[in-house]
Amino acid sequence: MREYSVAVIGAGHAGVEAALAAARLGEKTALFTINLDAIANMPCNPSIGGTAKGHLVREIDALGGEMARVADETFLQSRMLNRGKGPAVHSLRVQSDRVKYHTAMKKRVENEPNIDIIQAEIVKLICENGKVRAVVTALGERYEAKTVIIASGTYLKATIHVGEASYNSGPDGHLAANGLSDSLKEAGITLRRFKTGTPARVHRRSIDFSRLEVQEGDEPIVPMSFETKGELKNRAVCHIAYTNAKTHEIIMGALDRSPLYSGRIEGVGPRYCPSIEDKVVRFSEKPRHQLFIEPMGEDTDEMYLQGMSSSLPVEVQERMYRSIEGLENVEIMRNAYAIEYDCCDPTELFPSLEFKKVKGLYGAGQFNGTSGYEEAAAQGLVAGINAARKVQGKEPVIFERSQSYIGTLIDDIVTKGCMDPYRMMTSRSEYRLYLRQDNADLRLLEVGYEIGLVSEERYQRFLTKKEQIAAEIERLNHTGIAGSEALNKLLVSRETSPVLNGATLADLIRRPQISYSDLEPFDKDRPSLAPEVCEQAEIEIKYEGYIKKQLLQVQEQHRLEKRRLSPDIDYRGIVGLRLEAAEKLNKIKPLSIGQAAGISGVNPADIAVLLIRMEGQGNK
């Protein structure tokens with residue numbers, strides 16, 4: 001019998017971040033996976049980042065997580081999404097080499113001395129007096145564990161659906177995890193059925209790329225990790241194709257054979273990443289839908305058809321894909337499928353991601369009702385940190401929604417819950433002008449250092465960067481520039497007024513039409529600075545008024561988050577609190593006034609009652 005401080009069940013994107021965090025914080029960790037070949041697997045699109053997801057990856061990196069560094073090592077193409085909009089919604093996305101990403105992340109966990117990787121299916125939790133004690137494998141082996149993190153992804157009682165066929169299986173043909181669900185229910189954990197899907201993989205040789213739109217990567221490349229230095233290069237291009245009236249006709253004619261519409265799929269699917277059947281039905285007015293044809297890796301001819309997930313029969317899939325221009329002769333290598341799986345109700349979790357009903361038991365990733373590798377990795381990191389801290393007798397780290405997208409994600413799912421797989425979007429954050437991906441290190445790296453996941457060397461480099469940004473902002477605010485023919489020619493060409501009596505460099509940068517780099521020929525004393533320092537100085541100056549306003553909102557939210565609430569409060573006994581609010585508060589058990597204010601059904605009057613009660617008790 002082996003004993004561990006932390007046992008992690010599942011080695012996907014949540015599991016590896018959880019295990020690495022716990023182990024690097026000094027705790028002996030067991031990482032269980034049904035198949036070693038599934039470590040950090042990408043069963044759906046082999047990409048990292050995307051709108052709002054890029055923010056999460058940058059935050060993971062600032063806190064000392066691994067996803068961004070591995071993404072930089074193994075990407076095929078890098079793009080910054082939403083460049084035509086403001087910096088709040090700029091989001092990095094890379095197309096990854098699926099096998100190389102898996103291999104690199106597997107090597108990370110193999111090389112971590114505090115991690116034992118064990119190929120086994122966990123079928124049972126051993127709990128005593130409301131606290132987790134051990135896990136048991138399908139072979140009857142028992143492992144003692146002070147804390148357990150469930151990061152089971154889409155494996156719990158997983159069922160694959162393709163047309164009229166259904167069978168018990170995890171993603172990519174791996175075994176499903178069939179035993180653990182019953183044990184979780186016995187422990188008092190509520191389980192639900194969710195569903196997700198993936199498109200077909202097709203052979204490169206069967207695609208006529210001459211009839212597709214080319215989608216190049218960005219140059220120069222912005223790395224995912226703040227630590228990545230040196231030149232990065234795109235190694236592949238992606239392509240864009242479109243469905244058409246014939247495609248839609250084939251889909252509509254086969255809806256009776258879709259398990260999604262025949263009623264055989266019970267699980268709730270992702271609202272923001274629907275199958276192609278869903279798109280055609282829900283958006284019938286649209287004459288076409290976009291799909292992206294993306295490589296799975298440098299050493300394979302498999303191509304991924306992003307945007308066309310489906311659970312239709314294979315022969316219908318073939319007709320559907322072949323109706324698209326450029327795919328007339330397409331060869332399906334792996335057919336599309338839908339997958340149903342068990343997951344928990346995340347409102348049963350504290351913001352630390354520990355279950356309220358079982359001490360020492362944590363949830364992370366798709367098991368918590370979310371979708372996406374990035375959302376999973378973020379939760380895995382938080383669960384790993386807090387499991388280790390629990391063993392060490394330390395208070396959990398709670399990420400506030402005003403502090404990070406990670407905090408927004410966790411607050412949303414544990415406070416509001418999710419009726420379908422939750423996906424991170426910039427619109428979910430009311431502080432998105434402040435919570436940008438470009439300043440994730442400025443917001444969170446010090447937190448990572450205090451936790452113990454950021455090295456002293458990295459922290460000192462970060463302090464130097466902060467000093468350089470502050471110094472450059474100061475210089476730009478106090479460096480005057482006289483009007484000249486060349487300067488005014490530039491200003492007029494950008495449709496902004498010329499300088500008549502002089503201006504500071506900061507005054508000019510504040511103009512929407514002018515960038516920091518535009519002024520380089522006129523800035524004789526400009527120091528040599530890293531691009532990220534220049535970027536921060538420019539953003540801070542250009543959006544100064546908006547950022548100051550948002551920081552006031554952040555400070556108010558932070559003040560509310562500091563007003564702590566005990567999880568042992570019985571809200572039914574608080575005079576003046578509405579019955580609905582008391583019921584919701586008793587269910588969620590918020591840990592702060594800020595969290596309580598975000599609960600659906602709790603209004604400002606209820607928050608006022610709680611504040612009055614706290615004042616009366618001297619809790620300030």
Side-chain angles (χ1 to χ4, degrees), residues 13 16-17 20 40 42 45-83 87-98 100-101 103-105 107-108 215-238 294-295 297-298 373-374 377-378 381 404-406 435-445 448 453-455 457-462 464-466 468-469 516-517 528-539:
H13 303 279
V16 294
E17 293 288 356
L20 287 168
M42 295 177 166
N45 191 8
S47 68
I48 299 293
T51 302
K53 294 170 178 283
H55 293 65
L56 289 172
V57 180
R58 277 289 186 90
E59 291 182 354
I60 292 165
D61 181 65
L63 290 166
E66 206 61 45
M67 176 174 267
R69 287 193 282 265
V70 176
D72 282 341
E73 288 178 20
T74 61
F75 78 92
L76 298 172
Q77 185 193 74
S78 176
R79 296 177 62 236
M80 181 75 78
L81 307 185
N82 304 319
R83 276 194 184 274
V89 294
H90 290 176
S91 295
L92 276 167
R93 179 188 185 274
V94 298
Q95 189 68 23
S96 292
D97 187 306
R98 181 193 195 194
K100 289 180 180 177
Y101 187 95
T103 302
M105 193 64 86
K107 182 60 69 174
R108 294 295 205 283
Q215 186 179 54
E216 300 279 358
D218 288 344
E219 298 287 354
I221 292 169
V222 177
M224 276 283 187
S225 173
F226 292 101
E227 286 293 277
T228 300
K229 306 301 177 187
E231 186 180 3
L232 298 175
K233 292 185 177 180
N234 289 301
R235 299 191 295 277
V237 296
C238 298
E294 301 169 328
E298 279 191 293
Y373 310 144
E374 303 81 5
L381 179 66
S404 61
Y405 270 81
I406 293 175
L435 304 181
R436 307 182 309 275
Q437 67 167 17
D438 60 77
N439 69 356
D441 60 337
L442 299 175
R443 292 184 282 110
L444 294 173
L445 193 137
L453 291 177
V454 170
S455 68
E457 181 184 1
R458 183 180 182 187
Y459 182 59
Q460 291 303 320
R461 289 197 300 270
F462 163 73
T464 299
K465 175 182 173 179
K466 278 183 70 175
Q468 290 176 338
I469 292 168
Y516 180 90
S517 59
S528 177
L529 297 168
E532 58 267 27
V533 173
C534 302
E535 177 187 42
Q536 285 306 305
E538 178 174 12
I539 291 173

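When all heavy atoms are compared, the tightest approach of A71 to V94 is CB-CG2, 4.2 Å. Here the shortest heavy-atom pairing between K229 and E532 reads NZ-OE2, 3.5 Å. What you find for L63 and L444 is that their closest heavy atoms are CD2-O, 3.6 Å. A68 and D61 make their closest contact through CB-CB, 3.7 Å (heavy atoms, listed as atom of the first residue, atom of the second, distance). The minimum heavy-atom distance between L232 and P223, with the atom names listed, is CD1-CB, 3.7 Å. In plain terms, the two heavy atoms of S91 and H55 that are nearest each other are OG-CE1, 3.2 Å.
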Would N234 and E216 count as a side-chain hydrogen bond (donor to acceptor under 3.5 Å, both in side chains) here? Give the steps. CA-CA 9 Å; N234 289 301; E216 300 279 358; over 6 Å; no
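The CG atom of L453 sits 9.5 Å away from atom CG of L20, with the distance rounded to the nearest 0.5 Å. Separating the CG atom in L529 from the OH atom in Y516 is a distance of 5.5 Å, to the nearest 0.5 Å. How far CD of E219 is from NZ of K233: 9.0 Å, rounded to the nearest 0.5 Å. Rounding to the nearest 0.5 Å gives a distance of 10.5 Å between OG1 of T74 and CD of Q95.
Taking 4.0 Å as the cut-off between side-chain N and carboxylate O, E73 and K107 do not count as a salt-bridged pair. The pair R69-E227 does not count as a salt bridge, with every side-chain nitrogen at least 4.0 angstrom from each carboxylate oxygen.
Looking at M42 and S96, their side chains come closer than 4.5 Å, going by heavy atoms from C-beta outward. Put simply, the side chain of R458 reaches to within 4.5 Å of the side chain of F226, judged on heavy atoms. At a threshold of 4.5 Å between non-hydrogen side-chain atoms, the residues F462 and V454 do not count as touching. Counting heavy atoms from C-beta outward, L442 and I469 have side chains that approach closer than 4.5 Å. Put simply, the side chain of S78 reaches to within 4.5 Å of the side chain of L92, judged on heavy atoms. With contacts defined as side-chain heavy-atom distances shorter than 4.5 Å, the pair L56/M67 does not qualify.
Every residue two or more places apart in sequence or in another chain that forms a side chain to side chain contact (heavy atoms under 4.5 Å, CB included) with E298 is listed here: L76, D97, K100, R235. In this structure E457 satisfies the salt bridge (charged side-chain N to carboxylate O under 4.0 Å, His left out) test together with R461, sequence neighbours excluded. For the ring pair (Phe, Tyr, Trp, His ring centres under 6.0 Å) test, residues two or more places apart in sequence or in another chain that qualify with H13 are Y101, Y373. Remark: D438 engages R436, Q536 in a side chain to side chain donor-acceptor pair (under 3.5 Å) (not counting sequence neighbours). Annotation: salt bridge (charged side-chain N to carboxylate O under 4.0 Å, His left out) contacts of R443 (sequence neighbours excluded): E59. In terms of the side chain to side chain donor-acceptor pair (under 3.5 Å) criterion, residue partners of S517 (sequence neighbours excluded) are, by chain and number, S515.
Between the side chain of Q468 and the backbone N or O of A530 there is no donor-acceptor pair closer than 3.5 Å. Listed for the N82 side chain is a donor-acceptor partner under 3.5 Å among the backbone atoms of V89. Panel note: side chain E17, backbone E66; a donor-acceptor pair is recorded below 3.5 Å. Within the 3.5 Å criterion, the main-chain N or O of V57 finds no donor-acceptor partner in the side chain of E374.
Partner of D441 under the side chain to side chain donor-acceptor pair (under 3.5 Å) criterion, out of K466, K465, R58: K465 alone.
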